[in-house]
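To start, the structure under review is shown below, and the notes come after it.
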There are 2 protein chains.
Amino acid sequence: MGRTAGRSPADTRRAVLDAAGDVIRARGVNASLDDIARHAGVSKGGLLYHFASKDDLIRELVRTLLEAFRTDIENRLDPTDNDPGRLTRAYVRALLAPLDDEVAARQSIALLALLTTIPEVAELVAADTDQLNAELYADGLPVDVMTLVTAAADGVSSAPLWGASIRGPEFRTLERRLIQITRQPELWESIPWS
Amino acid sequence: MGRTAGRSPADTRRAVLDAAGDVIRARGVNASLDDIARHAGVSKGGLLYHFASKDDLIRELVRTLLEAFRTDIENRLDPTDNDPGRLTRAYVRALLAPLDDEVAARQSIALLALLTTIPEVAELVAADTDQLNAELYADGLPVDVMTLVTAAADGVSSAPLWGASIRGPEFRTLERRLIQITRQPELWESIPWS
DNA sequence: GTCTATATAGCGATAGAC
DNA sequence: GTCTATCGCTATATAGAC
């Protein structure tokens, strides 16, 4: 039948990647190329013209997800904010933002966790994590403060993975206080730790 | 050939469950029954005598993991401690336990995260989470303090999923301070939040 | 660039011997 | 209680038409 009207090859590629995310999120490991292709509005043969193999498709999907996460953090950097903890604040905002859509958040994290089981993918993700962590450690905050804040943000963002609800107001409060601690690290450091 | 000398049916069952964990951790959820059986030292047919189907095996594996996690927390309850935050402290200890001697418990978390991509498993885990969360909310701490402490613990425990190392001394410091906050919630609550 | 049709392989599950 | 053999299904990937 040839090319679908109004859809460029790049559009098709993107449609397939989107469909891959949706279908794998929804059906888990059992998602087949046929399934993904149908959701993208192409045949399996059509899909395999754009991606040489399923591994190739997965690899591209992970690359896309990591890039989207990175871009999300960068978009949340406050341009008027040049103080220490600038990146850490953007990190907290990025991880706590999806609170509104718990299902999508849970599924995105589960998707990355699932994909991480492919050794090659695990290396990609770990490399990305190392890079981001290095930047967080160089963000100008005392290490113990940065560790607390990012750990708490990581915890909230991973909670939906276990089916926990994070809609309560206590999580909003937590977000505000984590941000505030990055602005005034002494609030944490001056606590009389025994 | 009959029963392998010195191995009871219960031993075989446990060996299969252990092997299932190992193989799925290494190869992902698509690991085949053949693979699992070989690692357990039985044939596929032998495995399927003990577990009616692959779904049944997965279900039992998850049940075992959840139970082990529960037991781990309970073992970390301080018998001499009857103050508010008692369970929260055990929870923090369980999640931040040193990597060296608690590798299995920690890997279980990563494995559970993987298995959560199976919808039926997600429901099992969510039910368990709800129960534990209810107990944490009833642990006698101010909600905001409990939320901070458990979020931070969750964050540290999920870090290995992304390939991050949590061996640095800052994580030990974090553990000590999280515990201390549960003992003196006013340390957190009396901070002059704007 | 996308389709249909098909080759090929691997998986879960069953049956029956021992 | 465990094995081997095999069935039936589904999935990936290829080939070739349009």
Exercise. Report yes if the side chains of B:Val145 and B:Thr88 come closer than 4.5 Å at any heavy-atom pair, otherwise no.
Key: no

Q: State, yes or no, whether a side-chain contact exists between B:Val42 and B:His50 at a heavy-atom distance under 4.5 Å.
A: no

| request: Using a heavy-atom cut-off of under 4.0 Å over every strand shown, decide if B:Ser32 touches base, sugar-phosphate, or nothing. | output: sugar-phosphate

Testing C:dC3, D:dA13, C:dG12 for proximity to the side chain of A:Leu48, the answer is D:dA13

Looking only at C:dC3, D:dT12, D:dT4, the nucleotide nearest the A:Lys44 side chain is D:dT12

I'd like to know if B:Arg89 and B:Asp78 make a salt bridge, using a cut-off of under 4.0 Å between side-chain N and carboxylate O.
no

Atom pair distance, as rounded to whole Å: [atom1] in [X] and [atom2] in [N]:
{"X": "A:Phe51", "N": "C:dG1", "atom1": "CZ", "atom2": "P", "result": "13 Å"}
{"X": "B:Ile36", "N": "C:dC11", "atom1": "CD1", "atom2": "P", "result": "11 Å"}
{"X": "A:Asp35", "N": "D:dA11", "atom1": "CG", "atom2": "P", "result": "8 Å"}
{"X": "B:Leu33", "N": "C:dT14", "atom1": "CG", "atom2": "P", "result": "11 Å"}
{"X": "B:His50", "N": "C:dA13", "atom1": "NE2", "atom2": "P", "result": "16 Å"}
{"X": "A:Leu47", "N": "D:dT14", "atom1": "CG", "atom2": "C1'", "result": "14 Å"}
{"X": "B:Asp56", "N": "C:dT14", "atom1": "CG", "atom2": "P", "result": "12 Å"}
{"X": "A:Arg38", "N": "C:dT2", "atom1": "CZ", "atom2": "C1'", "result": "16 Å"}

* Would you say a side-chain N or O of A:Tyr49 is under 4.0 Å from OP1 or OP2 of C:dG1? ->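 So the side chain of A:Tyr49 is within the cut-off, an N or O lying under 4.0 Å from OP1 or OP2 of C:dG1.
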
Would you say B:Thr12 places a side-chain N or O within less than 4.0 Å of OP1 or OP2 belonging to D:dT2? yes

- Message: Using modelled atom types and a 3.5 Å cut-off, is there a donor and acceptor pairing between side-chain atoms of A:Asp11 and backbone atoms of A:Ser8?
- Response: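 The answer is yes, because a donor-acceptor pair under 3.5 Å joins these two groups.
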
